[in-house]
Amino acid sequence: MQPSRQPMTPLQEIRHSAAHMLGAAVLRLFPQAQLDIGPPTDAGFYYDFDLEHAFTADDLIKIEDEMRKITKENQRFERKEMSREEAVAFIKERGQVAYKLGRLADIPEGEAISFYTNGEFSDLCAGTHVRYTAQVKAFKLLSIAGAFHRGDEKNKQLQRIYGTAFATKDELEQHLVRIEEAKKRDHRRLGKELKLFHIDEQVGQGLILWTPNGAVIRQELQNFIAEQLFQTGYKQVFTPHIGNLDLYRTSGHFPYYKDAQFPPLVEREAMEMLSKEGCGCGELMNRLDSGAVQGFLLKPMNCPHHIRIFASQPHSYRDLPVRLAEFGTVYRWEQSGELNGMTRVRGFTQDDGHLFCTEDQVAQEVLGCLELVKVVLRTLGLQDYRVRVGLRAPGSDKYTGSNENWTKAEAACRSAAATLGVPFSEEQGEAAFYGPKIDFVVRDVIGREWQLGTVQVDFNLPERFELEYIGSDNKPHRPVMIHRAPFGSMERFVGILIEHFAGDFPTWLAPEQVRVMTLNDDMIPHGQKVIEQLKAVGIRASLDEVSDKLGAKIRRAELEKIPHMLVLGAKEIEAGVVSVRSRADKGMEGNMPLADFIAKVHSEISERRLRVPAPVAPVPEKKV
RNA sequence: GCCAGCAUAGCUCAAUUGGCAGAGCAGCCGUUUUGUAAGCGGCAGGUUGUCGGUUCAACUCCGUCUGCUGGCUCCA
């Protein structure tokens, strides 16, 4: 039987075969290991094992050596089909009952049951594989990780060994170089080197401190969005960081979103009363749940606040759509192991917006939102993305609202996505608790995917909050809400941007845009005048006043990835020009009057021009 | 939260089998006045993440907590 899935590509066959060879090597060294599964992945392969002994880095080397032997042994991969009964007997005979019997039971009746054998190793497997183990020669084991059986945290945690494999050693080598390059672009590393942000143990896990350089980038991005909002009819609002628990009972965040939130803040008087009663924590939680005790919540989303702004005034159909926007900071309780630099944090600011419109306006408004996301991604050169329509998971109880509303909202998302001109996939279980979403999933340099921009259609919150507008028939009607955030969150977006640009930001985003340096200290006053002129037109510039050689000043500016450098020496001052050295834009270089340089940089900034991101080059080694 | 690993000066890293904790860069002081990626010299910088244990002796061995890394689970 060919599996009903996609047939494997030659590369997948190599990786899948490497996984089997990994399984075989582990069994040779650790015969008591219980095998789970070993599939190929986008970037390599893995195999999951259940074993008392915890694998070490040394084990990885030994296992890899054993795999090389298997390559040399040039074993043939042979497929054998058998009946379910035979398969059960075969698995028992091989002593692999812990997981393989369960995996066997997953194969539906009527579908072929097959084993693949190479050398002494046999594995329940639909296939397919390469013919001989000698074809798998360019591989490397990379890491050991824990992984829950069947991906369910209630199950036992197995040990997963990750590896990668390619058709040729060259390709493998290139892949390993790419991994190294990716590490150099890591936003956590660059964030430290370029002083963009700081995470402080004393402040708390997952809480970003935007240092001055990073703050400039964020501010520029926010200015950019604010311009777009002004053009597209949004009104800016501000709301506080907390809200009454009742607000979230109405919205459904409490309890639907409870696990993702910081625990409630309980009023002081209520706390005192409860402690007098000797009420324990469990009882406190019960009373919070029931509403018997009042409190506040650190807001996990901005929508309830915006809804109350909308509800604070009567609306005519003539007012719609009402578009409210805010850079709203929200707080979510992420498990400690999920935190990661700026891309996964516990407090973050969404470039949030909520549209209140009539049902007839939904399609057009969603389109406008999608257009905004596209403008944002295009302006920043983030072109490697896919679109995902997130739907309900069937049979789940983590959603609020009627079936009818969900069906309408899902249809709206689907048809809007279809007009995008970009391929999109529909994925069940990816919806928000109040409605389906259209997500823009951007792929970063290492191939990891990040959900950034999002647009969500919501019939449910207007109902829960009993929102209305007066229609042309002079009767109350229920508006529809659209939630949208083109960046998603400022933290995650900037984190991705740091890696995308390798810290080498386009001039409009660069914390420092121009570094001025003089040949010797006598010329510093002249340099200061140049700085004044640059600042007068809003260009972020500084003067390197250290008594160093020019080479040292240039090196400093290069390491700080400053887009443009101006060198001032006797010749330049004499001729009334500046000597320009630019990181990416060679067209800018040469000697020119300061006014010309200013005009050029000014247009580069105001057009938000992208520069070709420079490849991450190693810093030249110091000559000894 | 779970599995595994890691934690030495502001940063990047050293320190033989347990035996006085060291270097480069950054910083400060001095010197140098410099032409497109590092001029030279000096000084200072540490209860080796935390708390506890083993030992004559702990950066080193054991345990604890905190944080980080790679994954799993979960998500903007």
Side-chain angles (χ1 to χ4, degrees), chain A residues 46 48 54-57 59-60 142-162 183 186 188-189 192-193 195 199-202 204-206 257 259-260 300-301 330 332-352 390 429-430 432 437 439-442 450-454 456 483 485-493 495-496 517-524 546-560 565-572 579-581 583 589 617 619-624:
Chain A
Y46 66 82
D48 285 348
F55 289 126
T56 65
D59 292 336
L60 227 52
L142 297 173
S143 60
I144 306 158
F148 298 109
H149 174 54
R150 294 184 189 277
D152 186 336
E153 62 185 328
K154 290 189 214 63
N155 288 342
K156 179 160 188 188
Q157 191 153 32
L158 309 176
Q159 297 188 71
R160 174 172 297 179
I161 296 181
Y162 278 97
K183 278 187 196 155
D186 190 309
R188 291 166 300 191
R189 174 192 176 123
K192 198 181 278 182
E193 285 173 4
K195 300 189 176 75
I199 301 173
D200 194 281
E201 207 174 315
Q202 283 195 43
Q205 285 183 290
Y257 207 67
D259 292 345
M301 293 188 190
V330 298
R332 298 188 188 171
W333 186 259
E334 302 290 349
Q335 299 190 74
S336 59
E338 295 164 343
L339 299 170
N340 178 287
M342 288 186 115
T343 56
R344 197 71 190 277
V345 295
R346 283 185 174 157
F348 56 96
T349 302
Q350 299 178 310
D351 56 328
D352 213 353
E430 291 291 333
K437 326 192 269 183
D439 290 330
F440 287 72
V441 182
V442 175
W450 293 101
Q451 184 190 319
L452 296 173
T454 181
Q456 309 168 358
H483 310 236
F487 287 141
S489 89
M490 301 311 296
E491 285 76 6
R492 175 175 292 183
F493 197 82
I496 299 301
M517 49 194 79
T518 57
L519 211 58
N520 63 46
D521 291 355
D522 300 340
M523 301 163 183
I524 285 179
V546 179
S547 301
D548 265 327
K549 284 172 43 174
L550 180 62
K553 295 183 183 184
I554 286 173
R555 178 181 159 83
R556 258 198 295 282
E558 287 284 348
L559 291 177
E560 289 175 49
M565 289 170 234
L566 295 184
V567 177
L568 298 173
K571 284 184 283 183
E572 287 78 15
S579 171
V580 182
R581 174 178 164 129
R583 284 180 55 73
E589 303 206 332
V619 174
E621 288 302 314
K622 186 175 186 172
K623 290 175 197 87
V624 185

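Just so it is clear: chains get the letters A, B, ... in the order the sequence lines come, proteins before strands, and each one is counted from 1. Scope of the values below: all heavy atoms of this structure, side chains included, with no hydrogens, waters or symmetry mates.
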Classify the nucleic acid contact of A/Glu572 as base, sugar-phosphate or nothing, counting any heavy atom under 4.0 Å across all strands shown. base
For A/Ala147, answer base if it contacts any base atom (sugar-phosphate contacts may also be present), sugar-phosphate if it contacts only those atoms, and nothing otherwise; contact means non-hydrogen atoms under 4.0 Å. sugar-phosphate
When the distance from CD of A/Glu560 to C1' of B/rA26 is rounded to whole Å, what number comes out? 12 Å
Does OP1 or OP2 of B/rC11 have a side-chain N or O of A/Lys195 closer than 4.0 Å? no
Remember a base hit wins even if backbone is also touched, and classify A/Gly151 as base, sugar-phosphate or nothing at under 4.0 Å, heavy atoms. sugar-phosphate
Touch class at under 4.0 angstrom, heavy-atom based, for A/Ser579 against every strand present: base
Phosphate-side-chain proximity, A/Thr454 and B/rA76, N/O vs OP1/OP2 below 4.0 Å: no
How many whole angstroms separate atom CD of A/Glu589 from atom P of B/rU36? 13 Å
Within the structure shown, what part of the strands sits under 4.0 Å from A/Ala260 by heavy-atom distance: base, sugar-phosphate, or nothing? nothing
CD1 of A/Ile144 versus P of B/rC6: gap in Å, rounded? 11 Å
Base paired to B/rG27 (Watson-Crick or G-U; both N/O distances under 3.5 angstrom): B/rC43
B/rG63 versus B/rC3 - spacing of their P atoms, nearest Å: 14 Å
Write down the distance between CZ (A/Arg346) and P (B/rA76), rounded to a whole number of angstrom. 17 Å
A/Ile161 vs A/Tyr46 side-chain heavy atoms within contact, under 4.5 Å: no
Mind checking who B/rU8 pairs with, Watson-Crick or G-U wobble, both distances under 3.5 Å? none
Hey, does A/Gly551 reach any base, or is it just sugar-phosphate, or nothing, if we go heavy atoms under 4.0 Å? sugar-phosphate
Look at the side-chain N and O atoms of A/Tyr257 and state whether any lies under 4.0 Å from the OP1 or OP2 oxygen of B/rC75. no
d(NZ, A/Lys183; P, B/rG70) in whole Å: 9 Å
Considering just the side-chain nitrogens and oxygens of A/Arg581, establish if one lies under 4.0 Å of OP1 or OP2 belonging to B/rA37. yes
Return no unless some side-chain N or O of A/Asn340 is found under 4.0 Å from OP1 or OP2 of B/rG70. yes
If you look at every strand shown and take non-hydrogen atoms under 4.0 Å, does A/Asp259 touch a base, only sugar-phosphate, or nothing? nothing
Nearest-Å distance, CZ (A/Arg188) to P (B/rU12)? 13 Å
Checking all strands, does A/Val330 fall into the base, sugar-phosphate, or nothing category for heavy-atom contacts under 4.0 angstrom? nothing
Would you indicate whether A/Asn155, at its atom CG, is surrounded by more than 12 heavy atoms from other residues, nucleotides or ligands within a distance under 6.0 Å? yes
Which part of the nucleic acid does A/Arg556 contact within heavy-atom distance under 4.0 Å: base, sugar-phosphate only, or nothing? nothing
Taking any heavy-atom pair under 4.0 Å as a contact, classify A/Gln205: base, sugar-phosphate, or nothing. sugar-phosphate
Rounding to a whole Å, what distance do you find between A/Lys549:NZ and B/rG35:P? 7 Å
Would you mind reading off the distance between A/Lys571 atom NZ and B/rU36 atom P, rounded to a whole angstrom? 9 Å
Tell me whether the OP1 or OP2 atom of B/rA76 has a side-chain N or O from A/Gln451 closer than 4.0 Å. yes
Could you check whether A/Phe487 gets within reach of a base, just the sugar-phosphate, or nothing at all, counting any heavy atom under 4.0 Å? nothing
Give A/Arg492 one of three labels, base, sugar-phosphate or nothing, depending on what nucleic acid heavy atoms sit under 4.0 Å from its own. base
Interface polar pairs with nucleotides 43-52 of chain B, N/O, under 3.5 angstrom:
none

For B/rA4, is there a stacking contact with A/Phe55, counting only centres under 5.5 Å and planes under 30°? no
